[in-house]
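Hydrogens, waters and symmetry mates play no part in the numbers below; they use all other heavy atoms, side chains included. This one's a predicted model, so the numbers in the text were calculated from it and none came from an experiment.
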Amino acid sequence: METQYKIKVIRYNPESEQFKTEDFTVKAGDDITVLEALHIINKVHRAGLSYRFSCGMGVCGSCGAMVNGKPVLLCQTFCRNLQQPIEVRPLKNFPIIKDLVVDTDSAFNKFRTAMPYTDIAIRKAPKHLVQTKKQREKIEQTSQCIKCMLCYSACPVFGLNNNFIGPAAASTAYRYFKDSRDTLKDKRAPKVTDKNGVWNCTHVGECSAVCPKNVDPNKAILKLKLMGTLNDAKKLVKKKK
């Protein structure tokens, strides 16, 4: 049985630098996602909408957009669960390229700060790459990040300060700090805790609320702050001795 869904798309035209609202009606079953609704709009209405997508399975993280005011993955958001009209607009906090396509380079560049890799000398020594089950469990949750950038769109601090390391990069840094194979802690720590680092986070928690993989960046940042505080305390104790 088909249902009529009213879709309101907020489009951006880079030539005129103007936003335009277009209303569409999509007839489909109860199992349709917002991403599939956009496909139908382009096919049936020949709307020529621009938006990103790839896997359609919540793995690639490329189909992020604002739906009814919340950053979501379009492929995991079912129309039947949404209040109509369903409003779809580009992710917040990013420059818009066209329609629903945004430029996420500013957020992706933050991962360089996180130094998400192990030392090359360790990688060349296979015996050091073996982990126990407990060691792997320590990085399991923060390893699930798919770089969808929904957390950056939800983060009020990144919205005000584009230089802020941000939720995904910070949680990725924590993932490597807790990796049993990591030897770059001393190099990574100053970058993660500098003037644009984790201490700027105000812990609103929206990053964790919108994460489709339950990475919980807010918790990771709290732990990074605790690690930094303990390290500073140890340094002070050593100086006094």
Side-chain angles (χ1 to χ4, degrees), residues 1-107 144-156 158-160 166-168 204-215 217-218:
M1 183 176 177
E2 290 191 333
T3 303
Q4 280 196 345
Y5 297 103
K6 294 180 180 179
I7 314 289
K8 179 183 289 188
V9 183
I10 314 299
R11 306 181 66 171
Y12 177 75
N13 186 333
E15 294 180 359
S16 64
E17 297 184 347
Q18 297 291 322
F19 289 94
K20 178 175 66 173
T21 301
E22 292 190 359
D23 297 307
F24 303 95
T25 299
V26 173
K27 290 184 179 180
D30 288 342
D31 60 345
I32 188 174
T33 64
V34 178
L35 178 61
E36 291 168 327
L38 295 183
H39 292 339
I40 293 173
I41 288 170
N42 268 353
K43 184 177 181 180
V44 176
H45 298 277
R46 298 186 180 279
L49 285 174
S50 294
Y51 51 95
R52 287 195 181 106
F53 70 96
S54 184
C55 72
M57 300 170 62
V59 176
C60 71
S62 61
C63 65
M66 303 293 296
V67 175
N68 286 358
K70 180 181 178 181
V72 298
L73 292 180
L74 298 175
C75 68
Q76 287 191 323
T77 307
F78 289 89
C79 292
R80 65 173 181 263
N81 298 328
L82 301 170
Q83 183 177 347
Q84 296 194 50
I86 300 168
E87 185 188 271
V88 187
R89 62 169 64 230
L91 287 175
K92 291 194 304 182
N93 298 341
F94 296 108
I96 306 169
I97 297 174
K98 184 180 180 182
D99 290 341
L100 304 177
V101 180
V102 298
D103 184 352
T104 56
D105 283 355
S106 59
Q144 302 306 308
C145 178
I146 57 174
K147 317 297 187 293
C148 63
M149 302 300 142
L150 299 189
C151 57
Y152 281 89
S153 184
C155 178
F158 181 73
L160 294 172
V204 174
E206 284 300 306
C207 55
S208 296
V210 302
C211 180
K213 296 298 179 182
N214 299 313
V215 171
N218 185 50

[X]: side chain to side chain contact (heavy atoms under 4.5 Å, CB included) partners, not counting sequence neighbours:
{"X": "Gln4", "answer": "Thr25, Lys27"}
{"X": "Cys148", "answer": "Leu73, Ile146, Leu150, Pro212"}
{"X": "Pro156", "answer": "Val204"}
{"X": "Cys207", "answer": "Cys151, Pro167, Pro217, Asn218"}

query: Where is the tightest heavy-atom contact between Cys75 and Gly58, given as atom of each residue plus distance?
result: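 Nearest pair, atom of Cys75 first, then Gly58: SG-N, 3.2 Å.
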field: Val210 versus Ala154, closest heavy-atom pair with distance
entry: CG2-CB, 3.9 Å
Other residues, nucleotides, ligands: >12 heavy atoms within 6.0 Å of Lys98 NZ: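 Check fails, neighbour count at 12 or below.
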Results of side-chain hydrogen bond (donor to acceptor under 3.5 Å, both in side chains) for [X] - residues two or more places apart only:
{"X": "Glu22", "answer": "Arg11, Lys20"}
{"X": "Glu206", "answer": "none"}
{"X": "Thr104", "answer": "none"}

- prompt: Step by step, would you call Phe24 with Lys6 a side-chain contact (heavy atoms from CB on, under 4.5 Å)?
  reply: CA-CA 6 Å; Phe24 303 95; Lys6 294 180 180 179; over 6 Å; no
message: Taking salt bridge (Lys or Arg N to Asp or Glu O under 4.0 Å) as the definition, give me every residue that meets it alongside Lys8, ordered by chain and number, with sequence neighbours left out.
response: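 If we apply the salt bridge (Lys or Arg N to Asp or Glu O under 4.0 Å) test to Lys8, skipping adjacent residues, there are no hits.
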message: Filter on side-chain hydrogen bond (donor to acceptor under 3.5 Å, both in side chains), then keep only pairs touching residues 68-82, sequence neighbours left out; what's left?
response: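 Output for this query is empty, none listed.
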- prompt: Nearest 0.5 Å, what's the CD-CD distance between Glu15 and Glu17?
  reply: 10.5 Å
field: Results of ring-ring contact (aromatic ring centres under 6.0 Å, His included) for Phe78 - residues two or more places apart only
entry: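 Residues passing ring-ring contact (aromatic ring centres under 6.0 Å, His included) with Phe78: none at all.
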Output side-chain donor-acceptor pairs under 3.5 Å for residues 30-44, partner residues at least two apart or in another chain, one line each.
{"unit_1": "Asp30", "atom_1": "OD1", "unit_2": "Thr3", "atom_2": "OG1", "d": "3.3"}
{"unit_1": "Asp30", "atom_1": "OD1", "unit_2": "Tyr5", "atom_2": "OH", "d": "3.4"}
{"unit_1": "Thr33", "atom_1": "OG1", "unit_2": "Glu36", "atom_2": "N", "d": "3.2"}
{"unit_1": "Thr33", "atom_1": "OG1", "unit_2": "Glu36", "atom_2": "OE1", "d": "3.3"}
{"unit_1": "Glu36", "atom_1": "OE1", "unit_2": "Thr33", "atom_2": "N", "d": "2.9"}
{"unit_1": "His39", "atom_1": "ND1", "unit_2": "Tyr51", "atom_2": "OH", "d": "2.7"}
{"unit_1": "Asn42", "atom_1": "OD1", "unit_2": "Gly48", "atom_2": "N", "d": "3.1"}
{"unit_1": "Asn42", "atom_1": "OD1", "unit_2": "Leu49", "atom_2": "N", "d": "2.7"}
{"unit_1": "Asn42", "atom_1": "ND2", "unit_2": "Leu49", "atom_2": "O", "d": "3.1"}

Side chains of residues 87-94: which donor-acceptor partners sit under 3.5 Å, not counting sequence neighbours?
{"unit_1": "Glu87", "atom_1": "OE2", "unit_2": "Arg89", "atom_2": "NE", "d": "3.1"}
{"unit_1": "Asn93", "atom_1": "ND2", "unit_2": "Tyr152", "atom_2": "O", "d": "2.9"}
{"unit_1": "Asn93", "atom_1": "ND2", "unit_2": "Ser153", "atom_2": "O", "d": "3.0"}
{"unit_1": "Asn93", "atom_1": "ND2", "unit_2": "Cys155", "atom_2": "O", "d": "3.2"}

- request: Apply side-chain contact (heavy atoms from CB on, under 4.5 Å) to Ile97 and Arg52, showing your working.
  value: CA-CA 11 Å; Ile97 297 174; Arg52 287 195 181 106; 3.9 Å; yes
